[in-house]
Structure formats: C-alpha cells, structure tokens
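Following: one structure in structure tokens, then a few remarks.
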Protein chains: 2
Amino acid sequence: MGLRERKKRATRAALAEAAVRLAAEHGVDNVTVEAISEAADVSPRTFFNYFDSRDDAFVTIDAEVGTRIREAVLAAPPSLDPLTAVHRAFADELADVERRHEVWNLRAEVLKQAPHLMVRSLGAHLEDELGLARAIAQRLDPGSPEPERPGLYPRLLAAVAGTAVRISIEHWSAGGATVPFLAVFERVFTHLAAGLPAPPPDDR
Amino acid sequence: MGLRERKKRATRAALAEAAVRLAAEHGVDNVTVEAISEAADVSPRTFFNYFDSRDDAFVTIDAEVGTRIREAVLAAPPSLDPLTAVHRAFADELADVERRHEVWNLRAEVLKQAPHLMVRSLGAHLEDELGLARAIAQRLDPGSPEPERPGLYPRLLAAVAGTAVRISIEHWSAGGATVPFLAVFERVFTHLAAGLPAPPPDDR
DNA sequence: ATGAAAAAATGCAGAGAATGCAAAATCTTT
DNA sequence: AAAGATTTTGCATTCTCTGCATTTTTTCAT
C-alpha cells in the first residue's frame, strides 16, 4: 500500500475521530465542519471530498465488514440452516465489539443524543442488506448464480439479522455492558429460531 | 376538531404532497424548500415550522398510526401469543396500503432515487418502535405498569415487526403489486413464527 | 358580536452546509 | 529529475436551517 493510499485512510480516520470526539465534548449540534477540519488539519473543502455530508462523519464505518459477512455466509458448511449460518457470520464479526468498546461507547453516546444520526447509522448498515440477501439466496440455491433480486425469504432473513444486531447492541449498551455482548446476541437468535414465542418471565 | 387543527393538517399535507410531486417531476435534488412552499402557498419559513428538515417533507407520515397499533396490541385477546397479536395489529393498519397505493408508489419512486431518503423513512418508523416495545412488555406482564425500558424480548419483537413491514412492502412493491399485499405480509409472519427455517424451493 | 388571549404565519438577518471549478501542492512512475 | 496522475485547497455561490420580532388568524369568554 503506497503512501498516497495510507494518507487517504489516515485523513479519513482523523476526520471521523475528530468528529466523534468534538461531538462528545461539545454536543453534536455544536460541531461545525470547519471545526472538524481544523482538528484533522485539513481544509473544510477537503472534508467534503471524504464525506457527502457533515453527518456522515459520525456514522460511516468500515466498508469491508459487509464483504466479510457475505463471504462467511457462503463459506459456511452446507449442513447449517440459513439462520444459523448468518448467526455465526455475524457473531465472528462482532467478537471484538467488547475489545474496542471504548470507541463504540463514545460513538453510541453521541448517537444517543442525536436520533437522526442513529437513523443514518442504521442506513449505513442497510446498504449491506441487499448484498447479504443475495448471498443467502445463493446459499439456498447453490447451482444458480447470485440473483439480482432475491426472493422474500432471503430478504427477510437478511433484514432480521440486521435487526438482531441492532437490538443486541442497544440492549447490551443500555444495560451498561454488564454482561458479555455475545451472550445477548445468543439470546436474540434463540428467540428468533424458536419463532418468537412468549418467553418465560425470567427471560424478558 | 376545530378549524385551527384542520388547517394545520391541511398545510402539512399540502407541503408533503407538493414535495413528493415536485420530486417525482424534477428529481429530488432539484426541489428547494422555496419551491415546495410556493406550491403549497405558504412562506418558506412556515415550511420549517412543520418539518425539521427539507428531507422530512418526503418522509414524515401520520403520527397516529403508531398509537393505534399500540392500542390494538394491548386490546388483543390475552389468549393470543405476542407475535400473533402484533401481526394482527399491523395487518389491520396496513389493510388499505393497496387502496392508497397510487400515493405510495409515487413516494416509493422518489425514495428509490434517493437512498438517503429511504434511510430517513425507516427512521421515522423507528421512532415508534420503543413505544411498541413498551406495549408488548405490558401485554406480557399485565399486572405491572408499562416499563420505561423494555426487556430484550419486547424490543426484539417490536423491531422484527417493523422489519417485517418494511420487507413486505419492499417485496410487494418490487413485484409490481401483482399479488395482494396482505398475502405477502402473511407469508412473512409465517416464516417468522416458524423460526425462519429454510423454506421449500417453491416458497422463496 | 367583540375584545383579549393563544397560536400560527411571516419577514428578515445570518450562520452553516454543500458544490463546482480552477489553481496549487503532493505523490507515483519511469 | 521530469512528466503524469491524484489530492488538496481557495473562492464564489446556492441552499438549508434557526432565532427573533411582527403581523395575521383562530379561539374563547363575556
């Protein structure tokens, strides 16, 4: 990886981090593009070379996560049912939520203050949803190529998986991270696999 | 309902409709607040009295829908399992998706052109999610009052229900509305109730 | 009806977001 | 080191959004 590429990544990361730190300190609405740019040592114009909007700086995440999950879903043993395959793919990816949980918490704090950013954040994940649905469809039907328009079931499973991630993080975070994150994630998929029946009083 | 309230509704509706129509004609990015306001016969400043942002005009929907769904969930016969209770509440509310499907399609067309608006649209629904989760929690535990912070299961069920609505509409709309919407909706809940197992080849 | 109170609409001024374009600075390749 | 490609930057401009003071409209009590 050449110097140019490294610099680009560094710049983007510096902008994103500056945005989150400034927001955590002064409140989201009191952070201007100018301030973010200054903290990252670039011109305001450069900010917009990296992000389409101010809000994107708080929200945009690693684009490769989606790719890895899709590949994991396709690579899982054929004997696994789809829900479990998706479950494991996400679990592997989320294993280090706790390790980097300082950064996550900082960002979560910011998003909590600004619901519209939370919305955007979900949207970022949503982009991957269609790709995941395609991967699921191909897994169900290994002979044919990946369909451009997945059927109802693959779409539903992909969407529900994304929802599961979100709810797990929200619930885990709301509880103050007092239990292992993956434990929450397991409970969620247990509910889903059972068809969402009313749980016993001690499991709500 | 007094004159004031009626006028407010009319103004809001006029702004929202003007926004969607102008966007459908000229493209989302070529519609300014000024143009929307002019089409709705109010001042640009008034626009911002009704919507927090330009984009909200394309996205915001009837705020009472959420209330009706919550009430329906609470009023459903206690013998119904939670998933079914939620299912029925939404189904009743969505019964006229097809009747008003001209407006929906117009809006859907606009949102398709502008992914970031799609994201916002989802967010609008998301706001209701917490309220629904509370209602579900109370339904599960009729004795106690509605909890401020619902547990994992109510949150999950509320979120999954919202996802089910979205996927149903997307899939139905992508298929050109060639089948009854509620039929799609039923299939989705059948998948969910079964725990999302791999469906037979003819049901994907 | 009518006048006082409440709510909504408006105009205006101004900060900030976002984009296009051309010039300058920086990195890559040979 | 020089040519070429890419990135950064400054500048001008349009549009979004907010606060505040003023005017208009609706409501309510008399």
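Keep in mind the model is a prediction, meaning the values are calculated, not measured. Scope of the values below: all heavy atoms of this structure, side chains included, with no hydrogens, waters or symmetry mates.
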Show me, pair by pair, the donor-acceptor contacts under 3.5 angstrom made by side chains of residues 141-150 of chain A, not counting sequence neighbours?
unit_1	atom_1	unit_2	atom_2	d
A/S144	OG	A/D141	O	3.2
A/R149	NH1	B/A174	O	2.8

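- The closest side-chain heavy-atom distance from B/R166 to A/L156 is not below 4.5 Å.
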Exercise. What string of B, S and - do you get for nucleotides 9-22 of chain C, 5' to 3', when a contact is any protein heavy atom under 4.0 Å?
Worked result: SBBB----SBBBB-
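- Per the geometry, CG belonging to A/L15 stands 15 Å off P belonging to D/dT7, to the nearest Å.
- Between A/R6 atom CZ and C/dT26 atom P there is a gap of 17 Å when expressed in whole angstrom units.
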Problem set entry | Chi angles and distances behind the side chain to side chain contact (heavy atoms under 4.5 Å, CB included) call for B/R155, B/L130 | CA-CA 7 Å; B/R155 279 180 152 286; B/L130 183 58; 4.1 Å; yes
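- Tested against A/R9 for a side chain to side chain contact (heavy atoms under 4.5 Å, CB included), the candidates A/R6, A/E5, A/R12 yield a single pass: A/E5.
- The 12-atom threshold is exceeded at CZ of B/R54, counting heavy atoms of other residues, nucleotides or ligands nearer than 6.0 Å.
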Problem set entry | Chi angles and distances behind the salt bridge (Lys or Arg N to Asp or Glu O under 4.0 Å) call for A/R134, A/E129 | CA-CA 9 Å; A/R134 290 203 186 105; A/E129 195 182 281; over 6 Å; no
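- Taking the six-membered ring for Trp and thresholds of 30 and 60 degrees, A/F47 and A/F51 have ring planes inclined between 30 and 60 degrees apart.
- Atoms CG (A/L3) and C1' (D/dA5) sit 14 Å apart, rounded to a whole Å.
- Counted within 6.0 Å of CD on B/E34, heavy atoms from surrounding residues, nucleotides or ligands total 12 or fewer; the atom is thus considered open.
- End-to-end axis angle for the helix from C/dA1-D/dT30 to C/dT30-D/dA1, using five pairs per end and rounding to 10°, comes out at 30°.
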